[in-house]
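To start, the structure under review is shown below, and the notes come after it.
From a predicted model like this one, the values you see are computed outputs, not experimental measurements. Values below: all heavy atoms of this structure, side chains included; hydrogens, waters and symmetry mates excluded. Sequential numbering from 1 along the given sequence is applied to the chain's residues.
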Amino acid sequence: MKTLKIDLDEDALAPVTDTAAADVVIAEDDASTEAVIDEDGALLDKLPARAVENDDGSVTLPLAYPKTLRTRKNGQERERVFDALTFHRLSGKDQRIIGGASPEMQAVVAFAQSTRINQAVMNALYDKLDLADITDAGRVLNHFLTSGPKTGR
């Protein structure tokens with residue numbers, strides 16, 4: 001049997017390699033304590049390459065791993081294929097609904113509110129989504145929070 005040794009202090013002096021933290025500071029001058037901050041935002045706030053910005057401001061994210069659900073509406077059963085999700089900007093009402101959800105359900109509720117998919121359907125879909133699709137969908141939501149109308153200032 002192989003033994004794995006983990007040194008919890010090992011990375012105490014290691015350089016920062018996390019891209020979200022690393023792209024915040026562009027340059028640091030040794031002569032001063034000031035750092036230049038990248039106002040364009042972290043990489044996680046940028047849209048995934050496969051995302052498409054629509055004319056109405058929504059963003060369509062083609063799913064890398066499409067999923068199929070069986071749903072029933074008005075007594076009719078059908079198979080629904082989800083090969084893309086279209087996200088819309090969130091409103092204050094959406095924020096209140098998301099904030100009212102339990103902490104473990106807030107991401108699912110945010111997805112439902114933004115995609116305008118019925119909450120029961122999103123509950124089932126979210127559980128089936130691949131983590132790569134969930135991560136990129138989260139980046140779309142982050143993009144909405146960090147991008148607003150340009151003011152020209």
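- Rounding to the nearest 0.5 Å places NZ of Lys46 at 10.0 Å from NE2 of His143.
- With hydrogens and angles disregarded, no donor-acceptor distance shorter than 3.5 Å links the side chain of Thr68 to the backbone of Val81.
- The same ILVMFWY cluster, assembled from side-chain heavy atoms under 4.5 Å apart, contains both Leu69 and Leu61.
- Here the closest heavy-atom approach between residue Asn123 and residue Met105 is recorded as OD1-CE, 3.5 Å.
- In terms of heavy-atom proximity, Ile98 sits nearest to Gln106 at O-CG, 3.3 Å.
- Under a 3.5 Å cut-off, the side chain of Thr146 and the backbone N or O of Asn142 do form a donor-acceptor pair.
- Side-chain contact between Thr115 and Thr86 is absent, with no heavy-atom pair separated by less than 4.5 Å.
- With rounding to the nearest 0.5 angstrom, the CD1 atom of Ile117 is 6.5 Å from the CZ atom of Arg80.
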### Task
Kindly indicate, with the supporting measurements, whether the criterion side chain to side chain contact (heavy atoms under 4.5 Å, CB included) is fulfilled by Phe82 and Leu129.
CA-CA 10 Å; Phe82 292 89; Leu129 285 175; over 6 Å; no
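- In the displayed structure, Gln119 atom CD is contacted under 6.0 Å by more than 12 heavy atoms of other residues, nucleotides or ligands.
- Taking all atoms of both residues into account, the shortest heavy-atom contact from Val109 to Ala101 is CG2-CB, 3.7 Å.
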### CA sep, side-chain torsions, deciding dist, call: Arg70, Glu77, side chain to side chain contact (heavy atoms under 4.5 Å, CB included)
CA-CA 7 Å; Arg70 288 195 61 76; Glu77 282 191 23; 3.0 Å; yes
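- Between Phe87 and Phe144, a ring centre-to-centre spacing not shorter than 6.0 Å is recorded.
- Between Met122 and Val108, the shortest heavy-atom distance links the atoms CG-O, 3.6 Å.
- Taking every heavy atom of both residues into account, Lys67 and Asp130 meet most closely at CE-N, 4.2 Å.
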Would you tabulate the side-chain donor-acceptor contacts of residues 48-55 under 3.5 Å, counting partners in other chains and residues two or more places apart, or write 'none'?
from	atom 1	to	atom 2	distance (Å)
Arg50	NE	Asp136	OD2	3.2
Arg50	NH1	Pro62	O	2.5
Arg50	NH1	Asp133	OD1	2.9
Arg50	NH2	Asp133	OD1	3.1
Arg50	NH2	Asp136	OD2	2.6
Asn54	ND2	Ser58	O	3.4
Asn54	ND2	Ser58	OG	2.8
Asn54	ND2	Thr60	OG1	2.9

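- Residues Tyr65 and Ile134 do not share a hydrophobic cluster, defined by chaining ILVMFWY side chains whose heavy atoms lie under 4.5 Å apart.
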